[in-house]
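Please read the structure below before turning to the comments.
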Amino acid sequence: MRGIRPLVAGNWKMHGLGTSSAELRSLKDRLAEAPVPEADAIVCPPATLLARARDVLAGSAVALGAQDCHPLPSGPHTGDISAEMLADAGATAIIVGHSERRTDYGETDALVNAKAKAAFRAKLAAIICVGETELERRQGATLEVVRRQLQGSLPRGARARTTVIAYEPVWAIGTGLTPTPADVAEVHGFIRGELGQLLGQTEASLLRILYGGSVKPANASELLFVPDVDGALVGGASLKASDFYGILLAYAGRGAG
Ligand code: PGA
C-alpha cells in the first residue's frame, strides 16, 4: 500500500438544474449514514449550481469543485469565469484540460497550464486531465501523447497537495468502453515516472493520479485497484447519487491502492 488517499471526483459537465440538489442531498445522506472513510469525494457541478451545492453539502464529507476557469483573475472576458470567482462560490478545486474542452475549444497545453496556475493562484487544487484519442492509441502513440500533455499542461512547481492528474482515454469517455487494467497500469505507471522527472520523486510519490472514462459501480473495483490508480474522475455515473456512492463503496473496508 502506497498510502495515497484515494479521491473520487464527479464531473457533472453541462448537466444539472436546481432540482439536481436532490441528488447532492441524497449523496450527503448516504455518506452520513454509511461513510466511506477510506476515500475523499468531490463533486464538480456547473458553475451555476456551485453556490446552491455549497449550501446543500455544508457539513458533509463531500467537497465541491468546479469545471474550467479563465486564466486571469478578472477582466473584459464576456462569459468567462475566473478561478477566484469559483473559489468565492465555494469551489475547492477546478477541472482543467478536459478532453471535451481541448476538442470543443481547441485548448492547448499552454492554456491548460495557465488555467492550472490560475487555480493555484486562487488557492484551489487543479485536476489536470490528459489522455489519448482512439486514433492515437491505435497508432501506439498513447505514452508519447500523455508525456507531451503532461509536460505542457503541468505547471512547474506544482505540488501534490494541490494537484491531481486525471488520465482519461478520450475513447473511453461516455462510451462504456474501458482500457484493460493492464493498459491502465501501464499508463499510470508511466505518468508516475514522468511526474518524478517533472516535479521530483517526493511530489510524484504523493500526487493522486485518477483514472477516468466510463467508470461505474460495476467496474470500479476492477479499475480502481490497479497499481498507481488513486481514484476516479467520473462523468455520467456521478449524476446519480446512488451510482456515485456505489463507486465510492468500492473503497469501503479497503485501504489505499
Ligand atoms: P464518463 O466521463 O465517466 O461519463 O465516461 C468521464 C469524464 O469525462 O470525466
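Both ligands and their constituent atoms are indexed starting at 1 by order of listing. Note: hydrogens, waters and symmetry copies are ignored here, and every other heavy atom, side chains too, is used.
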For the student: nearest non-hydrogen atoms of D109 and S153, plus distance: OD1-OG, 3.0 Å
Of all heavy-atom pairs between L223 and P179, which one has the smallest distance, and what is that distance? CD2-O, 4.0 Å
With H77 via ring pair (Phe, Tyr, Trp, His ring centres under 6.0 Å) - residues at least two apart: H70
At a 4.0 angstrom heavy-atom cut-off, what protein residues surround ligand 1? N11, K13, H98, E168, A172, I173, G174, G213, S214, L233, V234, G235, G236
Parallel, tilted or perpendicular for F225 and Y251, by the 30°/60° rule? tilted
Counting only heavy atoms not in Q151, do more than 12 fall under 6.0 Å of its CD? yes
Under a plain distance cut-off of 3.5 Å, with no hydrogens placed, do S20 and E23 share a side-chain donor-acceptor pair? no
